[in-house]
Amino acid sequence: MAGEIRTRFAPSPTGYMHIGNLRTALYEYLIAKRNNGKFILRIEDTDQERFVEGATDVIYKTLELAGLRHDEGPDIGGPCGPYIQSERKGSYMEYAKKLVDTGAAYYCFCSKERLAAVKEEIEKNGGTYRYDRHCLGLSKEEIDRKLAAGEPFVIRQKMPDTGSTSFEDAVYGTITVDNSELEDQVLIKSDGLPTYNFANVVDDHLMQITHVVRGNEYLSSTPKYNLLYQAFGWDIPTYIHVSTIIKPDGRKMSKRTGDPSFEDLLSQGYLVEAVINYVALLGWSPGTTQEIFSLKELEQAFDIHGISKSPAVFDINKLNWMNGEYIRSMTTEQFHNVASPYYSDALKSSGIDTFKISKLMQPRTEVLTAIPATVDFFESLPEYDIAMYEHKKMKTDTANSLTGLKAVMPVLEGVAVWDNDTLYAALTGLAQSLGVKNSQILWPIRTALSGKDVTPGGATELAEILGKDESIRRIKIGIDKLTRAV
RNA sequence: GGCCCAUUGGUCAAGUGGUUAAGACACCGCCCUUUCACGGCGAUAACAGGGGUUCGAGUCCCCUAUGGGUCACCA
């Protein structure tokens with residue numbers, strides 16, 4: 001383990017994996033892989049009040065779906081277990097007491113009521129509340145007496161009275177904060193469990209984490225962590241703080257405002273690979289113009305240097321494009337596999353060759369969920385307005401559409417092989433012999449076949465898929481409609 | 001409010017004192033074309049503002065503005 005790069009993903013189980021979390025996990029995974037290191041999963045569940053049933057399963061499932069395999073974790077074990085903080089609670093108190101012994105921490109018996117009162121008083125006068133160190137001056141005897149009497153207590157970190165604390169961040173550089181800004185934060189809560197701030201440091205050390213990746217909301221508490229590392233005499237990890245992912249309106253992505261989680265995106269028709277690729281590039285640049293990266297390629301290319309400091313807007317447009325790129329790079333068979341669930345049962349049992357539909361759909365699909373509404377007309381001809389036959393650029397109107405469709409009938413009846421090429425040759429031949437533009441024949445047919453103004457493929461492609469009988473039936477319907485109107 | 005951080009086109013972003021300030025998405029136009037897409041070509045569009053330092057500043061320093069974070073026995 002010595003000398004090895006070790007990163008960790010340390011979510012608290014809330015039951016919702018938002019995109020920012022996913023990106024953090026991804027970066028941690030990539031840093032580990034890039035350096036032949038280990039990627040560790042640790043569950044931070046020290047907040048009993050926020051416990052959510054089944055939430056850890058969401059985490060396992062997401063990592064697995066995303067392909068971010070961890071090397072150590074609650075489900076697979078490892079040399080630094082247990083990997084669930086609530087199962088490690090015994091050791092935190094021990095470490096906190098070590099700090100008490102060296103004077104880097106102290107017992108505090110202040111009630112929440114007293115703290116609240118002090119805070120209210122200070123804020124009433126426009127001041128900034130910070131714990132007033134009421135218990136710092138307690139004598140040894142007094143402390144022992146209170147402890148023996150079973151009084152509830154917390155353990156607080158003692159911040160230096162003077163000077164300042166600096167730390168290095170791989171993204172933001174050197175950051176210095178005046179020690180007077182630092183509060184004597186709680187390390188051990190009155191329920192005996194550690195706070196996140198403390199458990200995090202202890203566990204990162206015990207698990208020999210070398211690179212800590214987290215959201216930059218932790219930037220301001222990092223000096224306190226450094227002080228803890230120093231008090232213990234432990235090595236300080238490389239900090240990598242990443243910016244937030246925001247929405248076009250500038251607000252943070254959140255579950256509350258209905259923003260999609262990783263799983264939501266998948267169910268909205270995005271491919272895992274595309275989401276991973278997109279998220280990797282949200283806040284990181286490879287320094288080249290390459291944009292399409294498989295996870296394997298990211299493992300090779302990822303470099304901390306390319307992480308950006310400023311927040312990134314989650315742009316669904318670009319994700320759409322990227323999803324389309326992934327779809328287009330598939331083989332037809334692969335696309336057919338992912339598209340098939342979006343074809344209705346009725347369509348699949350209609351005798352229509354859905355593989356041919358997939359062929360047409362592949363270059364036209366960005367998001368899988370758009371498929372049903374695009375192919376519905378294959379299943380049954382929708383009601384449509386004959387105004388659709390009028391098209392300026394195609395030089396069609398209801399009158400010449402009607403004559404066109406009538407002229408088309410015998411050609412279709414007589415065609416030898418019912419496929420796109422043959423049909424196209426026959427119909428353009430017809431147009432030529434009639435002295436009209438191809439579009440004047442093909443546009444009315446496409447309209448009659450689909451009843452839609454936009455279709456995935458042209459008249460003859462649709463005709464091939466619909467088959468001779470159905471195509472002719474639909475064209476007759478078109479002729480009827482037009483005849484009644486003219 | 002104190003402290004910390006950020007700011008290159010609408011969006012993602014390259015850029016580490018000397019560039020005509022890349023590339024991509026979106027948008028717009030043209031080509032291809034049996035609609036739509038795909039593909040190809042092209043156009044519009046940016047260093048937040050002001051002071052310095054320097055022969056020279058998107059790059060370094062200061063101020064201002066705007067945005068974000070943080071100030072819990074939450075993580």
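Residue numbers begin at 1 in each chain, while the letters A, B, ... track the order of the sequences.
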Engineer: What nucleic acid atoms does A/Y424 come within less than 4.0 Å of, heavy atoms only: base, sugar-phosphate, or nothing?
Structural biologist: base
Engineer: Provide the distance between the two P atoms, one in B/G50 and one in B/G58, to the nearest whole Å.
Structural biologist: 12 Å
Engineer: Touch check for A/A459, heavy atoms < 4.0 angstrom, all strands: base, sugar-phosphate only, or nothing?
Structural biologist: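 The residue A/A459 makes base contact.
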Engineer: Which part of the nucleic acid, if any, lies within reach of A/V186 when heavy atoms closer than 4.0 Å are counted: base, sugar-phosphate only, or nothing?
Structural biologist: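 Sugar-phosphate, backbone atoms only, no base.
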Engineer: Scan A/M394 against the nucleic acid and name what it touches under 4.0 Å (heavy atoms): base, sugar-phosphate only, or nothing.
Structural biologist: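 A/M394: backbone/sugar contact only, no base atoms under 4.0 Å.
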Engineer: Determine the Euclidean distance between corresponding C1' atoms of B/C30 and B/U66; express it in Å to zero decimal places.
Structural biologist: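 Going atom to atom, C1' in each nucleotide, I get 40 Å.
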Engineer: From CG of A/L182 over to P of B/A72, roughly how many Å is that when rounded to an integer?
Structural biologist: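 Distance, rounded to whole Å: 12 Å.
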Engineer: Contact class for A/T195 (heavy atom, under 4.0 Å): base, sugar-phosphate, or nothing?
Structural biologist: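 Sugar-phosphate only.
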Engineer: Could you identify the nucleotide paired to B/A6, looking across every strand shown and requiring Watson-Crick or G-U wobble geometry with both distances under 3.5 Å?
Structural biologist: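 Pairing partner: B/U66.
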Engineer: Taking the side chain as everything from C-beta on, heavy atoms only, tell me whether A/I316 gets closer than 4.5 Å to A/Y270.
Structural biologist: yes
Engineer: In whole angstroms, how far is the C1' atom of B/U11 from the NZ atom of A/K247?
Structural biologist: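 That distance rounds to 16 Å.
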Engineer: Which nucleotide in the set B/C3, B/A75, B/A13 lies at the smallest distance from any side-chain heavy atom of A/S12?
Structural biologist: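 Nearest to the side chain of A/S12 among the choices is B/A75.
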Engineer: When you measure only distances, ignoring hydrogens and angles, does the side chain of A/K318 come within 3.5 Å of the base of B/A24 through a donor and an acceptor?
Structural biologist: yes
Engineer: Paired with B/G58 by Watson-Crick or G-U wobble geometry, both distances under 3.5 Å: which nucleotide is it?
Structural biologist: none
Engineer: How would you label the contact of A/T176 with the nucleic acid (heavy atoms, under 4.0 Å): base, sugar-phosphate, or nothing?
Structural biologist: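 Here A/T176 touches the backbone only, sparing every base.
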Engineer: Of the candidate nucleotides B/C12, B/A6, B/A37, which contains the atom at the shortest distance from the side chain of A/P311?
Structural biologist: B/A6
Engineer: Mind checking if A/D169 touches a base, just sugar-phosphate, or nothing, with heavy atoms under 4.0 Å?
Structural biologist: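 Answer is nothing: A/D169 stays at 4.0 Å or more from every strand.
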Engineer: Is there side-chain contact between A/R474 and A/L449, with at least one heavy-atom pair below 4.5 Å?
Structural biologist: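 A side-chain contact under 4.5 Å exists here.
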Engineer: Among B/A37, B/U11, B/U35, which nucleotide sits nearest the side chain of A/R446?
Structural biologist: B/U35
Engineer: Cation-pi check for A/F198 against A/K189: NZ or CZ below 6.0 Å from the six-membered ring centre and within 45 degrees of the axis, yes or no?
Structural biologist: no
Engineer: What interatomic distance, in whole Å, is found between P of B/C12 and the corresponding atom of B/A75?
Structural biologist: 32 Å
Engineer: Examine distances only and state if a side-chain atom of A/R130 and a backbone atom of A/S180 form a donor-acceptor pair shorter than 3.5 Å.
Structural biologist: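 Indeed, once roles are kept as given, a pair shorter than 3.5 Å links the two residues.
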Engineer: Any strand is fair game: report the nucleotide pairing with B/C41 by Watson-Crick or G-U wobble, both distances under 3.5 Å, or none.
Structural biologist: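 By the stated definition (distances under 3.5 Å), B/G29 pairs with B/C41.
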Engineer: What's the gap between B/G18 and B/A57 when it is taken at their P atoms, as a whole Å value?
Structural biologist: 11 Å
Engineer: Rounded to whole angstroms, how far apart are CD1 on A/I246 and P on B/C12?
Structural biologist: 7 Å
Engineer: If I pick the P atom on B/C73 and the same atom on B/U59, what distance separates them, to the nearest angstrom?
Structural biologist: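 Roughly 42 Å separates the two P atoms.
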Engineer: Is it the case that the base of B/A75 and the side chain of A/Y218 share a donor-acceptor contact (distance under 3.5 Å, atom types as modelled)?
Structural biologist: yes
Engineer: Under 4.0 angstrom, heavy atoms only, what part of the nucleic acid is A/E183 near: base, sugar-phosphate, or nothing?
Structural biologist: sugar-phosphate
Engineer: Examine B/C74: is either OP1 or OP2 under 4.0 Å from a nitrogen or oxygen in the side chain of A/K189? Give yes or no.
Structural biologist: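 For A/K189, the contact criterion (side-chain N or O under 4.0 Å from OP1 or OP2 of B/C74) is met.
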Engineer: Over how many whole Å does the gap from A/L462 atom CG to B/U33 atom P extend?
Structural biologist: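 Distance, rounded to whole Å: 19 Å.
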Engineer: Can you tell me, in whole Å, how much space there is between the P of B/C32 and that of B/G40?
Structural biologist: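 Those two atoms are separated by 16 Å.
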Engineer: If I take atom CZ in residue A/F314 and atom P in nucleotide B/A26, what distance separates them, rounded to the nearest angstrom?
Structural biologist: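 Atom-to-atom, A/F314 to B/A26, this comes out as 15 Å.
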Engineer: Name the pairing partner of B/C71, where a pair is Watson-Crick or G-U wobble with both distances under 3.5 Å, or state none.
Structural biologist: B/G1
Engineer: Under 4.0 Å between a side-chain N/O of A/S308 and OP1 or OP2 of B/A13, yes or no?
Structural biologist: yes
Engineer: In whole Å, measure the gap between the P atoms of B/U54 and B/A46 for me.
Structural biologist: 31 Å
Engineer: Any heavy-atom pair between the side chains of A/L427 and A/L412 that's under 4.5 Å?
Structural biologist: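 They are in contact (side-chain heavy atoms under 4.5 Å apart), so the answer is yes.
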Engineer: Under 3.5 Å, is there a donor-acceptor pair between the side chain of A/W418 and the main chain of A/A463?
Structural biologist: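 Looks like yes, one N/O pair under 3.5 Å.
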Engineer: Should A/K309 be listed as having a side-chain N or O under 4.0 Å from OP1 or OP2 of B/U7?
Structural biologist: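 For B/U7, OP1/OP2 do not have a side-chain N/O of A/K309 under 4.0 Å.
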Engineer: How long is the line joining CD of A/Q185 and C1' of B/A75, in whole Å?
Structural biologist: 12 Å
Engineer: Are the side chain of A/R8 and the backbone N or O of A/E28 linked by a donor-acceptor pair below 3.5 Å?
Structural biologist: no
Engineer: Look through every strand shown and name the nucleotide pairing with B/U11 as Watson-Crick or G-U wobble, where both distances are under 3.5 Å.
Structural biologist: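 Across any shown strand, B/U11 pairs with B/A24.
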Engineer: Under the criterion side-chain contact (heavy atoms from CB on, under 4.5 Å), I'd like the reasoning laid out for A/I155 against A/Y107: C-alpha separation, chi angles, the key distance, then a yes or no.
Structural biologist: CA-CA 5 Å; A/I155 295 180; A/Y107 288 96; 4.0 Å; yes
Engineer: I want to verify a distance call: between B/C73, B/G23, B/C12, whose nearest atom is closest to the A/T289 side chain?
Structural biologist: B/G23
Engineer: Hey, does A/G283 reach any base, or is it just sugar-phosphate, or nothing, if we go heavy atoms under 4.0 Å?
Structural biologist: sugar-phosphate
Engineer: For a quick check of understanding: with a heavy-atom distance under 4.0 Å over all strands, which category does A/R130 fall into, base, sugar-phosphate or nothing?
Structural biologist: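 If one applies the 4.0 Å heavy-atom cut-off, A/R130 turns out to touch nothing in the nucleic acid.
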Engineer: For the side chain of A/S190 and the base of B/C73, is some donor closer than 3.5 Å to an acceptor across the two?
Structural biologist: yes
Engineer: Taking the P atom in each of B/G49 and B/C71, what is the distance between them to the nearest angstrom?
Structural biologist: 33 Å
Engineer: Output the rounded distance in Å from CH2 (A/W321) to C1' (B/G10).
Structural biologist: 18 Å
Engineer: From C-beta outward on A/N317, which listed nucleotide comes closest to its side chain: B/G69, B/A26, B/C73?
Structural biologist: B/A26
Engineer: For A/N197 and B/A72, what is the distance between atoms CG and C1' respectively, to the nearest whole Å?
Structural biologist: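 Those two atoms, CG and C1', are 10 Å apart.
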Engineer: Does A/T460 make a side-chain donor-acceptor contact with the base of B/U34, cut-off 3.5 Å?
Structural biologist: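 Side chain to base: pair present.
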Engineer: Under a 3.5 Å cut-off for both contacts, is B/U53 paired Watson-Crick or G-U wobble with anything, and if yes, with which nucleotide?
Structural biologist: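 Pairing partner, where one exists within any strand: none, as none qualifies.
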Engineer: Determine which nucleotide pairs with B/U35, using a 3.5 Å limit on both distances of a Watson-Crick or G-U wobble pair.
Structural biologist: none
Engineer: Do any N or O atoms from the side chain of A/T244 and from the backbone of A/I246 form a donor-acceptor pair under 3.5 angstrom?
Structural biologist: no
Engineer: Would you mind telling me which residue lines up with the more 5' stretch of RNA chain B, A/K112 or A/N438, judged by nearest nucleotide?
Structural biologist: A/N438
Engineer: Let me spell it out: for each of A/L219 and A/T365, pick the nucleotide of RNA chain B with the closest heavy atom. Which residue's pick is nearer the 5' end?
Structural biologist: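 The answer here is A/L219.
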Engineer: Which nucleotide sits closest to the side chain of A/Y172: B/C5, B/A26, B/A37?
Structural biologist: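 Side chain of A/Y172 sits closest to B/C5.
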Engineer: Does NZ or CZ of A/K146 fall inside the cone over A/F109's six-membered ring, less than 6.0 Å from its centre and within 45° of the axis?
Structural biologist: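 Yes, cation above the ring, under 6.0 Å and within 45°.
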